[in-house]
Structure formats: structure tokens, C-alpha cells
There are 2 protein chains.
Amino acid sequence: MLDNTDQLILDELSKNSRITMKELGEKVHLTGQAASGRVAKLEDNGLIEGYTIKVNQTKLGYFIHAFITIITQSTYHQPYLSFIKTQEAYIIHNYKISGDGCYLLECKFPSNKALGEFLEDLNKHANYKLSIVINK
Amino acid sequence: MLDNTDQLILDELSKNSRITMKELGEKVHLTGQAASGRVAKLEDNGLIEGYTIKVNQTKLGYFIHAFITIITQSTYHQPYLSFIKTQEAYIIHNYKISGDGCYLLECKFPSNKALGEFLEDLNKHANYKLSIVINK
DNA sequence: TCAACTCCTTTCATTTATCAAGTCAAACCG
DNA sequence: CGGTTTGACTTGATAAATGAAAGGAGTTGA
């Protein structure tokens, strides 16, 4: 269902999704038209979910990247879930997890002040453990 | 340094990085050439770090998405770092963190068997706490 | 006021994408 | 075996996007 050429196409598009179909074709030894057809199939199959960019969050002013493990006191998660919906600017992902905690929240903040205020509000709905990303 | 139009451009490219410059221009009320110029500047400034695709990992056969908190016994992290370099197929990100643990490892695995073997090898170099992603 | 700059638009030549046939090989089936 | 079907690719023609050059409008500062 997914041959070596398709794999190469995914690799190339991961590296540069704005490559022309002609160039992509050259890299995988096809014409642009054939490459384009392959890509269309990968989209139809749902393997390629979308085309996006990598944005440098630090240059956007988000200097803090954090993971917050959430432990909700009660079995009612709704207050927490409602809360984070109001904080979309800071939230990158909210993963429901098994293991130590109920959720793993990946966030970004412009300053310690913003982080502090966020944690204060968060604490009304859940307990947490904070991990700040230092690197990579 | 970054005006509202630039912000809109980043939003549009995040949603679809393969949009044509002409279409992008229409969305932000510029000509294609002007939009193209803006994008070139965003690239030069390093705000746009690259163009990529979102791949459906489940359809690629990676059914398990996990976060592993790493606690190295010794202060010497090299054995762990060398180990994960040999496991690139499974590693999405390796974040150095402050807080509970030394690293936060985001990984993907095709099966519980692969996960199990990975953890067994990992345990030779570090202790860990495993969280499996259930959702979102 | 003038010059230098920035940012945008217009125009045009070039490149790229797209659509419609047409080719080829493998698989299927009487 | 021969014929048909199917899937994946190529070729060729046309429409669309891109990139470069020229120029205009607004801003800044001497």
C-alpha cells in the first residue's frame, strides 16, 4: 500500500513541503505529473493530513516552552477542559494520557509573569507538575 | 517588526503552506508579488523555519504515541544520549527539561512489543516514567 | 524641498501545474 | 493463448503562477 517511492515523497515533503512537483519528481525519479498524482493519493488516503510551516516561537516572543502534567482532583474534568479552552493562545497541545496524571499540557508563554498567572488560574481547577523545556 | 499582515500570513501558511502566493495575497489583501516578498522576509528573519507536512502516524503504522520522563541515575547523561541516537526511528523529540526528570522523550511505536523492547534497552541507561497518549 | 527608503503594483518573460490523451506492462479470464 | 481490463507512468497542450524589472505613493530625515 505504501512503497519506497511514497516513503521518499513523504520524506522530501517533510523536509520542504513547498518543493515544486517537478523537483519532487526529479528526486524520486518520476515526472512532475506522476509525482503530483502520488501526492494526491497520499492526501486522499489521509496519510498527508496537511501542509504547514515551522514557526520560531522564540522570535514570536514566546520565550518559555513548558510541559505541565495535570492531575484533576475530582473525576469531573470539565472545569479544567473549559478553562484551557479560554487559554488557547498559550496551549500547543493537550494530550489525554495514561500514567502519572490525567493530561499532559504542552504550552508556550511570553514571560514568567504570564506563566505565573496561568498556573494560578489553572490551580483553581487542577493540580499540576511543571517542566520547563531547556533545550531541543 | 511584525505587523498584522505578517501575523495573518503566518496563520494562513500554518493552515496551508502550499497555498499559492496569489491566493495568499488575496487573503491578506495584497498582490501575489507583495505576499511573496513578505514571506521571503519572514524566511530571512528566521520566523519561518521551514515548510513541512503533517503525517498521520497511525496510518503509517505507529499506533502508540508516548511521553517518557527520563531520570538518569548518574550525572553522566552520555550513555542515555548515545542510546537514543540509535533509536531515531522511534523518537519524535527529546526535550531537556527542568522539573521532575532530566529529559522528556516524545516517541512513537508500531506495537507494544516494540515499546517493550525499547523500554528494556532504555532501562540499562536510565530510569523512566511512561505516559501513553490516549487522545488529541 | 529634496533625496533616500520602503512597500506596493503593474507588466512581461519564464517556469510550473494541470488536464487530456496515449503508452506500457502486469493481471485477469474466457 | 488471445483479448480485455487496470494501474501507473509519460507526453503534449494549455492555463496559471512565479520572478524580475520598472515605477508610483508615502515616509523619514538632512
Side-chain angles (χ1 to χ4, degrees), chain A residues 1-63 88-89 108 110-111, chain B residues 1-63 88-90 92 108-111 114:
Chain A
M1 162 159 183
L2 192 76
D3 66 12
N4 190 50
T5 300
D6 289 325
Q7 193 57 253
L8 278 174
I9 287 174
L10 291 179
D11 289 348
E12 288 300 329
L13 288 178
S14 293
K15 280 189 264 177
N16 176 17
S17 67
R18 270 194 82 85
I19 191 173
T20 66
M21 286 300 120
K22 192 187 172 195
E23 276 183 87
L24 178 60
E26 283 166 13
K27 282 180 187 287
V28 303
H29 310 297
L30 290 175
T31 59
Q33 290 86 330
S36 178
R38 291 261 191 167
V39 170
K41 273 196 183 167
L42 290 170
E43 290 172 10
D44 292 345
N45 293 344
L47 257 142
I48 295 177
E49 295 181 327
Y51 298 88
T52 188
I53 52 173
K54 280 181 275 187
V55 175
N56 185 321
Q57 294 296 335
T58 302
K59 294 198 176 181
L60 255 190
Y62 290 100
F63 301 106
E88 282 192 347
K108 59 185 179 180
S111 63
Chain B
M1 163 156 184
L2 194 75
D3 66 12
N4 191 49
T5 301
D6 289 325
Q7 194 57 254
L8 280 172
I9 286 174
L10 290 180
D11 289 349
E12 289 300 330
L13 288 177
S14 293
K15 281 189 261 176
N16 176 17
S17 67
R18 270 195 81 85
I19 192 174
T20 65
M21 287 301 117
K22 193 187 173 194
E23 276 184 87
L24 178 60
E26 282 165 13
K27 282 178 188 285
V28 303
H29 312 297
L30 289 176
T31 59
Q33 288 83 341
S36 179
R38 291 262 190 166
V39 170
K41 270 194 188 170
L42 291 170
E43 291 172 8
D44 291 345
N45 294 343
L47 258 142
I48 296 177
E49 294 182 328
Y51 298 88
T52 189
I53 53 173
K54 279 180 276 188
V55 174
N56 186 321
Q57 295 296 335
T58 303
K59 295 199 175 178
L60 255 191
Y62 289 100
F63 301 106
E88 283 193 347
Y90 297 146
I92 299 170
K108 58 185 181 179
F109 298 95
S111 64

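To find a chain, count down the sequence lines: A is the first, B the second, and so on, and within it residues start at 1.
No side-chain heavy atom of E12(B) sits under 4.5 Å from any side-chain heavy atom of I9(B).
Rounding to the nearest 0.5 Å gives a distance of 5.0 Å between CG of N4(A) and CG of L8(A). Rounded to the nearest 0.5 angstrom, L13(A) CG and T52(B) OG1 are separated by 8.5 Å. How far CG of L2(A) is from CG of L42(A): 6.5 Å, rounded to the nearest 0.5 Å. T58(B) OG1 to K108(B) NZ: the interatomic distance, rounded to the nearest 0.5 Å, is 11.0 Å. Interatomic distance, K22(B) NZ to T31(B) OG1, rounded to the nearest 0.5 Å: 11.5 Å.
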Using the 3.5 Å cut-off, write out each protein N or O paired with an N or O of nucleotides 21-25 of chain C and the distance between them.
none

Please list each protein N or O that sits under 3.5 Å from an N or O in nucleotides 18-20 of chain D, with the distance.
from: dT18(D); atom 1: OP1; to: M21(B); atom 2: N; distance (Å): 3.3
from: dT18(D); atom 1: OP2; to: M21(B); atom 2: N; distance (Å): 3.1
from: dT18(D); atom 1: OP2; to: K22(B); atom 2: N; distance (Å): 3.3
from: dG19(D); atom 1: O6; to: Q33(B); atom 2: NE2; distance (Å): 3.0

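Remark: the backbone N or O of L10(A) is paired with a side-chain donor or acceptor of S14(A) at under 3.5 angstrom. In this structure a side-chain-to-backbone donor-acceptor pair under 3.5 Å is present from R18(A) to I19(B). Looking only at distances, a side-chain donor or acceptor of K59(B) sits under 3.5 Å from a matching main-chain atom of N45(A).
Of the residues in residues 42-49 of chain B, not one places a heavy atom less than 4.0 Å from an atom of DNA chain D.
In terms of phosphate contacts, T31(A) brings no side-chain nitrogen or oxygen within less than 4.0 Å of OP1 or OP2 of dC9(D). OP1 or OP2 of dA8(D) has at least one side-chain nitrogen or oxygen of K41(A) nearer than 4.0 Å.
Comparing dC8(C), dC9(D), dA8(D) by their closest approach to the side chain of L30(A) singles out dC9(D).
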Apply salt bridge (Lys or Arg N to Asp or Glu O under 4.0 Å) to residues D3(B) and R38(B) and explain how you reach the verdict. CA-CA 11 Å; D3(B) 66 12; R38(B) 291 262 190 166; 2.9 Å; yes

